[in-house]
Amino acid sequence: MKKLNVRRITAVLYAILITAMAFLFFTNDFGLVDIRKTAVIIGAGIDVDGEEVSVTAQVAIPQPSETGANTQYIEVEGKGVTVADALNVINKKTGFYPKLVFCKLLVLGESCSEGNIFEILDYFYRDDYTQLTPVVAMCEGSAAELLASKMRFGNTATVSVERLLSDEAKKSGNVSTVNLKIVGIDSHSPSKSCYMPYIRAQEQSAQGGEQGGGGSSSGQQSGDSAGSSGSSGGKQEFLCDRTAVFSDGRFAGVLTEEETFALNLLKNNVRHVFIPCGENELQTLSLRGCKGGVRVKEEGGVPEIEIYFSAVAQIADVNSAESPPSISDGVVPEDVLRAGERAISGRMDALVSSLKNSGCDALGFRTLLYRFHYPLYERYGDGLPSEANVTYKVNLRSAG
C-alpha cells in the first residue's frame with residue numbers, strides 16, 4: 001500500500017490557503033468605509049455655551065490620490081445637549097461620519113471650568129471607537145478659537161499643540177502632559193484629583209510669523225482659510241508651561257510655571273531639566289538622572305510627608321565670564337549645589353502651599369495614606385492632611 005506524502009499534502013493545503021486569502025484581500029474591503037466618504041477628527045475643542053455643549057472638530061479630509069492634492073483640514077462646529085449630540089450635528093453639517101479613533105488631542109475651553117469636567121469627558125470613556133490615549137488639556141479662552149488659530153509653524157493648531165505636549169517636552173519638565181487614561185485614574189483614586197496642561201495663546205506680529213510650516217500645500221491653504229475667523233492679526237504661538245488642577249472633577253486653579261516645574265519633577269519621569277539659581281552670580285544648572293517623588297509615613301499618629309528629589313548637576317551657563325580651565329573642569333562648587341537645592345525646595349514648597357490652598361491633592365497624599373496607612377486615611381477622610389509635617393530632601397551632586 002502506497003504511503004501518503006504528508007509534506008506534499010501540507011504544501012498543497014498551504015498553497016490553497018494562501019490563494020484564498022489573497023483572493024479575499026484583493027476583492028473585499030471587509031466593511032471599511034470609503035476613505036472619500038470619511039472625515040477623520042484629529043483634534044477636538046469643547047466649550048460650554050449655557051445649557052449646550054459646543055464641540056469644534058478639526059477634521060482631516062483625505063483627497064483622492066489621483067488629484068494630486070494633499071489632505072485638507074477644516075474646523076466644523078456642532079452644538080447639542082451632550083457631546084454625542086454635538087458630534088451628530090457635525091455629521092449632519094458635513095455628510096461625513098466623524099471618526100474619533102484617530103483623535104490625538106482634546107482641548108477644554110475656559111468655560112468648562114464652571115462645572116464637572118467628567119460631565120463632558122464621559123462620552124470619550126463610553127465610546128467604543130475612542131482610545132484612552134488622546135492628550136487632554138485646558139486652554140485660556142475658547143477652545144474653538146484656539147483650534148481655528150493661524151499657526152507660525154505646522155499646518156494646524158492640533159499638530160502644533162501636539163508637538164508642544166510631546167513626550168520629549170514632558171521629559172524635559174516643561175509641560176504636564178496627560179491623557180484620558182491618566183485623568184480618569186487620578187480622578188477616581190482616593191485623592192480624587194487630577195491635572196492637565198493649561199494652554200495660553202500669544203499673537204505674534206506678521207513680520208515674525210509669516211514663515212509657517214505649510215508652504216503651498218492645499219491642506220495649509222484650507223487650514224488658513226478655515227482658521228481666519230479665529231485670528232484677526234498675526235499668527236499664533238502657544239505656551240503650555242502652566243497646569244490646571246481639578247479636585248473631584250471641578251476646576252481648582254492654575255499652577256504657575258515654577259509650581260508646574262516642581263510638579264513635573266515629582267510626578268513625571270524627567271530626564272534633562274534646567275534650573276536657575278544663585279544670588280549675586282546667577283547660574284543655570286543642567287540636571288540629569290533625576291529621581292523624585294513623595295513618601296508618607298506616620299509619626300506619633302500624625303502623617304509626615306517627605307518630598308524627595310536627587311539629580312546629577314552640571315553648570316550649563318553663568319551670567320559672567322569665566323576662564324576656559326574652570327569651564328572645562330566641570331566641577332560644580334558646593335555653594336552652587338546648595339543654591340540649586342534651595343531653588344528646587346522653594347518651588348516644591350510653593351507647589352504644596354498652592355495645592356493646599358486650592359484643596360487639590362494632585363501629588364496623591366491621600367492615595368498614599370490609603371495604600372500604606374489606612375487608619376490615618378479613615379481619620380482624615382476626604383480632607384487634605386493639613387496637619388501633616390512636610391519635609392523636603394533635595395540632593396544635588398556634581399557631575400565632575
Side-chain angles (χ1 to χ4, degrees), residues 135 137 163-179 181-182 185-186 191 193-198 239-245 255-278 282-297 304-318 327 329-355 360-365 367-368 371 390-400:
V135 173
R163 186 181 295 113
L164 294 176
L165 300 178
S166 64
D167 286 338
E168 290 303 318
K170 182 178 180 179
K171 292 173 183 177
S172 64
N174 292 324
V175 296
S176 305
T177 305
V178 293
N179 55 29
K181 180 179 179 180
I182 296 175
I185 291 175
D186 290 347
S191 293
S193 299
C194 65
Y195 61 90
M196 62 184 65
Y198 187 77
L239 293 175
C240 306
D241 53 358
R242 295 186 180 182
T243 303
V245 293
L255 303 179
T256 65
E257 295 91 330
E258 292 77 13
E259 294 164 356
T260 297
F261 178 81
L263 178 68
N264 293 333
L265 292 184
L266 299 174
K267 296 288 290 185
N268 297 332
N269 183 22
V270 297
R271 292 185 178 179
H272 188 195
V273 298
F274 295 89
I275 179 75
C277 61
L282 297 178
Q283 298 92 5
T284 298
L285 294 181
S286 170
L287 306 181
R288 296 181 182 272
C290 303
K291 295 181 181 179
V294 180
R295 300 189 186 100
V296 176
K297 56 184 178 179
E304 182 172 319
I305 299 171
E306 177 184 286
I307 296 177
Y308 62 93
F309 178 79
S310 64
V312 178
Q314 186 176 5
I315 296 180
D317 199 4
V318 295
I327 295 176
D329 185 20
V331 177
V332 183
E334 285 295 323
D335 60 331
V336 177
L337 290 175
R338 302 294 84 78
E341 292 174 355
R342 289 192 297 271
I344 295 175
S345 298
R347 295 191 179 194
M348 291 181 176
D349 184 61
L351 170 64
V352 173
S353 299
S354 179
L355 292 178
C360 177
D361 188 18
L363 289 177
F365 296 148
T367 300
L368 292 174
R371 291 177 179 175
V390 182
T391 59
Y392 304 94
K393 290 188 177 180
V394 180
N395 179 30
L396 299 182
R397 57 189 185 277
S398 175

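It should be emphasised that the depicted structure is a prediction, and the values quoted were computed from it without experimental measurement. Residue numbers start at 1 and run along the sequence shown. Hydrogens, waters and symmetry mates are skipped; everything else that's a heavy atom, side chains included, is used.
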Report summary line: Residues at least two apart in sequence or cross-chain that pass salt bridge (Lys or Arg N to Asp or Glu O under 4.0 Å) with Glu304, listed by chain then number, are none

Query - Rounded distance [0.5 Å steps], CD1 in Ile307 versus CG in Leu351 - result: 7.0 Å

Query raised in the report: Between the side chains of His272 and Ser172, is a donor N or O closer than 3.5 angstrom to an acceptor N or O?
Result: no

Requested in this report: Would you please say whether a donor-acceptor pair under 3.5 Å links the side chains of Ser176 and Asn264?
Outcome: yes

Query raised in the report: If you look at every heavy atom in Val336 and Cys277, which pair is closest and at what distance?
Result: O-SG, 4.1 Å

Report summary line: Residues at least two apart in sequence or cross-chain that pass salt bridge (Lys or Arg N to Asp or Glu O under 4.0 Å) with Glu258, listed by chain then number, are none

Requested in this report: Could you grab the distance from atom CZ of Arg295 to atom OG1 of Thr391, nearest 0.5 Å is fine?
Outcome: 9.5 Å

Query raised in the report: Taking Asn179 for the side chain and Lys181 for the main chain, is one N or O donor matched with an acceptor at less than 3.5 Å?
Result: yes

Query raised in the report: For Arg242 and Thr256, which heavy atoms make the closest approach, and how far apart are they?
Result: CG-C, 4.4 Å

Report task. Report, as yes or no, whether the 6.0 Å neighbourhood of atom CZ on Arg338 holds more than 12 heavy atoms from other residues, nucleotides or ligands. Result -> yes

Report summary line: Distance col, row Asp361:CG vs Thr367:OG1, nearest 0.5 angstrom, shows 6.5 Å

Report task. Looking only at non-hydrogen atoms, find the nearest pair between Ser191 and Phe365 and report the distance. Result -> OG-N, 4.0 Å

Report task. Please tell me if the side chains of Glu306 and Lys393 come closer than 4.5 Å, counting only heavy atoms from C-beta onward. Result -> yes

Query raised in the report: Between Pro276 and Leu282, is any pair of side-chain heavy atoms under 4.5 Å apart?
Result: no

Requested in this report: Please assess Leu255 against Leu355 for the test side-chain contact (heavy atoms from CB on, under 4.5 Å), listing each intermediate value before the final yes or no.
Outcome: CA-CA 9 Å; Leu255 303 179; Leu355 292 178; 4.2 Å; yes

Query raised in the report: Do Tyr195 and Leu263 touch side chain to side chain, with heavy atoms closer than 4.5 Å?
Result: yes

**Report entry** Separation of Thr243 OG1 from Tyr198 OH (nearest 0.5 Å)
**Finding:** 11.5 Å

Requested in this report: Look up atom CG in Leu265 and atom CD1 in Ile344, then write down how far apart they are to the nearest 0.5 Å.
Outcome: 6.5 Å

Query raised in the report: Within a strict 4.5 Å, meaning less than it, do heavy atoms of the Met348 and Phe309 side chains meet?
Result: yes

Requested in this report: Please tell me if the side chains of Val294 and Tyr308 come closer than 4.5 Å, counting only heavy atoms from C-beta onward.
Outcome: no

Query raised in the report: Does the ring of Phe261 carry Arg347 above it, NZ/CZ under 6.0 angstrom from centre and within 45° of its axis?
Result: yes

Query raised in the report: Are Val273 and Cys290 side-chain neighbours, meaning at least one heavy-atom pair lies under 4.5 Å?
Result: yes

Query raised in the report: Do Ile275 and Ser286 touch side chain to side chain, with heavy atoms closer than 4.5 Å?
Result: no

Query raised in the report: Do Val178 and Val135 touch side chain to side chain, with heavy atoms closer than 4.5 Å?
Result: no

Query - Distance in Å, Ile305 CD1 paired with Leu363 CG, rounded so as to fall on 0.5 Å steps - result: 8.5 Å

Report task. Please name the pair of heavy atoms, one in Thr177 and one in Lys170, separated by the smallest distance, quoted to 0.1 Å. Result -> O-NZ, 3.3 Å

**Report entry** Any donor-acceptor N/O pair, Ser345 side chain to Arg342 backbone, under 3.5 Å
**Finding:** no

**Report entry** side-chain hydrogen bond (donor to acceptor under 3.5 Å, both in side chains) involving Asp241 - partner list, sequence neighbours excluded
**Finding:** Arg200

Report summary line: Closest non-hydrogen atoms of Leu285 and Ala313, given as atom of the first, atom of the second and distance, are CD1-CB, 4.4 Å

Report summary line: Arg397 and Leu337 have their tightest heavy-atom pair at C-CD2, 4.2 Å

